[in-house]
There are 2 protein chains.
Amino acid sequence: MSRPTTIKDIARILKISVSTVSRALRDAYDVNEETRNRVLAAAAEINYKPNYNATALAKRSTHNIGVILPFITNYYFSTVITGIQEVAYSKGFNIILHVTNDSPERELSIVDNLSLSSFDGLLVSTCSQSDSCEHFARVIREDIPVVFFDRVPNQIRTSKVMQDDFNGAFEAVEHLVSNGYRRVAHIAGPRGLLFTEKRYEGYLAALTKHNLPVVEDYTIYSGFSQESGQADTIQLMDLPEPPDAIFAVNDRKAIGAMLTLKARGIRIGKEVGVIGFTDDPMASIISPSLSTIAEPAFEIGRKSCELLLGHIRKKSFIPEEKILPGKLIVRESTNKG
Amino acid sequence: MSRPTTIKDIARILKISVSTVSRALRDAYDVNEETRNRVLAAAAEINYKPNYNATALAKRSTHNIGVILPFITNYYFSTVITGIQEVAYSKGFNIILHVTNDSPERELSIVDNLSLSSFDGLLVSTCSQSDSCEHFARVIREDIPVVFFDRVPNQIRTSKVMQDDFNGAFEAVEHLVSNGYRRVAHIAGPRGLLFTEKRYEGYLAALTKHNLPVVEDYTIYSGFSQESGQADTIQLMDLPEPPDAIFAVNDRKAIGAMLTLKARGIRIGKEVGVIGFTDDPMASIISPSLSTIAEPAFEIGRKSCELLLGHIRKKSFIPEEKILPGKLIVRESTNKG
DNA sequence: AATATTATCGGTAACGTTCTCGCTGATTTT
DNA sequence: AAAATCAGCGAGAACGTTACCGATAATATT
């Protein structure tokens, strides 16, 4: 209805200039304490709200950060966002959310159509099949800071935040071994993703440390879904010598594994141990409950955002890497009895 | 590095005026087909990206919609957001995400601090304890359209999108009754929320239709969490005459109920039936699997966003209400025999 | 042939804010 | 008492875009 009040209204009411009002509202520099109070009072009086677009235009800085990720409908990503939101909110930044549905074309179109004027920095977790990172490189070349988390590309030199995938996997597999399992299989994520490789390496390292043979058929790369967990497990258990334990790249796949094991009448834990990665709330709901490596999702969100805001504030974009530790959660699915 | 290219650059290169360039880029009105093509070519050439802030300032319309909700770390809300995102993306709108953590103070501060210049419309699901809706009324008074979904206030006349809570609850309870359960209890949500009431009314209606007595102690209002589901169920089962079925306001509480029933050695389904609301993926993971009313979360997101964009487009804000049907999903937890 | 119409374009003022100067008048310095 | 300093303020341009209106030339109308 009534157009929003502006800085000019305040100036007119107080019979001072807009420059003074602007300074009073922000810097409080070069402005008398008394006039400043009068400005503040007048602003409150007429319910003044700053126009962020005008500010952004004049200062060449929006107060937005873009967040690009494949999904939000799972525990991990939604928790990361909550962490991001937490620090963004406290620093007065808005989050512009973009979901790619794990489609590289969509990711590309989002990044390219996104006006560079609409955010000060980018927080991204890539698609699983990102053939190229050129689009992100372009953004960085425009001097807009980008911080990657979880699904980080390795071709590009930039700030990254991730859980300790190698050690998490190592711990998971070592836990299996120390509980008496000997033929440990790994149902992995899609190839090409850095953390898929890291977790695989951790798996390998634990096997070799404990002098266990590395059976090639015991590692299957596929998707992240529960369904692919089921399919992988069928393949695994149909082997001449099936494994007696399964380390899944995430809890969804672990749950898929448990489902096929159950369907085949195989006692989980006693006959075949299962361990996941994430600590999705489902892990404690399913029975038997699922052992897993808890990821610090919330912390990853916080750290990523803090890192990004740091880059934005000091205008310098020196890449940093942060690796946050996970935590082994022992439950029933790795209890041999 | 190099400052972003602007409309002026194009004008200078082509030796035409900025007005013509602006028209060529947008309207294609009052501009020759050929010059328009030259402008488009030049824009692509120098990698021109429009500055949204300048546009927003000149047109008094950002291309952003604000989304305010209590949580995102659950299946329902994250799926709604995905639905919102889907239509927003297709129409070129950005989503600014705000999470209140179900805190009324935070909700208030978000709405009040949000510059009205930073979004064209608002999509909100309120806190459970919103004592007032004044802050939203203020936004509406500024002629910014607001659409509520799921958790909608009843004191305020505005557009609303929700699942059919009454009929969903009715169907759930009728399903219990027709499966032979007679003493049906209801562990409800917090008082004051519209859908808590609707689901309670549906529960009542089903009982009275089937001539079952309404026992006051059989309805407990409390939180939404799994823990409150556990607590409520303890209270229920300690009654002199405990219920033989529980209708929970959502799946999390239903799962809580199942946990305490299991802990007490009560056979779910056979002795006590349990049904939830939402169809969280957990419902099919837990064992016995949980019967529930599936909510059309994705559709609710889509519809809310379409409604809002409609309001924004036609500048008229005539409140509309949409009620989307749920669907009964029968699983093991309501199988008596 | 004079006039009216049309298509295409340019000039200029907004939009709300910040920023860089420069100007006053008062205070301090010498 | 003259000069230097300084606090506080204002004028005006800029940020990139759109909107309104007028100008021009070409075409159509009578």
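What you see below is based on every heavy atom in this structure, not just the backbone, and it leaves out hydrogens, waters and symmetry mates. Residue numbers start from 1 in every chain, and the chains themselves are labelled A, B, ... in the order their sequence lines are given, proteins ahead of strands. Given the structure is predicted, the values throughout are model-derived calculations rather than measurements.
For D:dG10, the base has a donor-acceptor partner in the side chain of A:Arg23 [N/O atoms by modelled type, under 3.5 angstrom]. Between the base of D:dA11 and the side chain of A:Ser19 there is a donor-acceptor pair shorter than 3.5 Å.
Side-chain N/O atoms of B:Ser17 include one lying less than 4.0 angstrom from OP1 or OP2 on C:dG10. Put simply, A:Thr20 has a side-chain N or O that comes within less than 4.0 Å of OP1 or OP2 on D:dG10. For the OP1/OP2 pair of D:dG16 and a distance below 4.0 Å, the side-chain nitrogens and oxygens of B:Thr55 include no atom meeting the criterion.
Atom-to-atom, CG of A:Leu25 to C1' of C:dG16 comes out at 12 Å; the value is rounded to the nearest Å. In this entry the distance linking CZ of A:Arg26 with C1' of C:dC19 reads 13 Å, nearest Å. What separates NZ of B:Lys8 from C1' of D:dT18 is a distance of 13 Å, to the nearest Å. Here C:dT18 presents its P atom at 13 Å from CG of B:Asn53, a figure rounded to the nearest Å. Atom CG of A:Asn51 is separated from atom C1' of D:dT17 by 14 Å (rounded to the nearest Å). To the nearest angstrom, P of C:dA7 lies 17 Å from CZ of B:Arg36. The CD1-C1' distance, from B:Ile16 to C:dG10, rounds to 10 Å in whole Å. Rounded to whole Å, the distance from CG on A:Leu57 to C1' on C:dT17 is 8 Å.
Salt-bridge check for A:Glu306 with A:Arg313: failed, with every basic side-chain N at 4.0 Å or more from each acidic carboxylate O. Electrostatic pairing of A:Arg138 and A:Glu142 does not count as a salt bridge here, judged by no charged N lying under 4.0 Å from a carboxylate O.
Heavy-atom nearest nucleotides on DNA chain C were determined for A:Pro50 and for B:Val18, and the one closer to the 5' end corresponds to B:Val18. If you find the closest nucleotide of DNA chain C to B:Arg60 and to A:Asp30, the one lying nearer the 5' end belongs to B:Arg60.
Using a 4.0 Å heavy-atom criterion, one finds that B:Tyr48 contacts the sugar-phosphate atoms exclusively.
Under the 3.5 Å distance criterion, the side-chain polar atoms of B:Asn37 are left unmatched by any main-chain donor or acceptor of B:Glu34. In terms of modelled atom types and a separation under 3.5 Å, the side chain of B:Ser159 and the main chain of B:Glu320 share a donor-acceptor contact.
Distances from the side chain of A:Ala58 to the nucleotides D:dT18, D:dT17, C:dT17 place C:dT17 closest.
Using cut-offs of 30° and 60° for the angle between ring planes, the B:Phe149 and B:Phe77 rings count as perpendicular.
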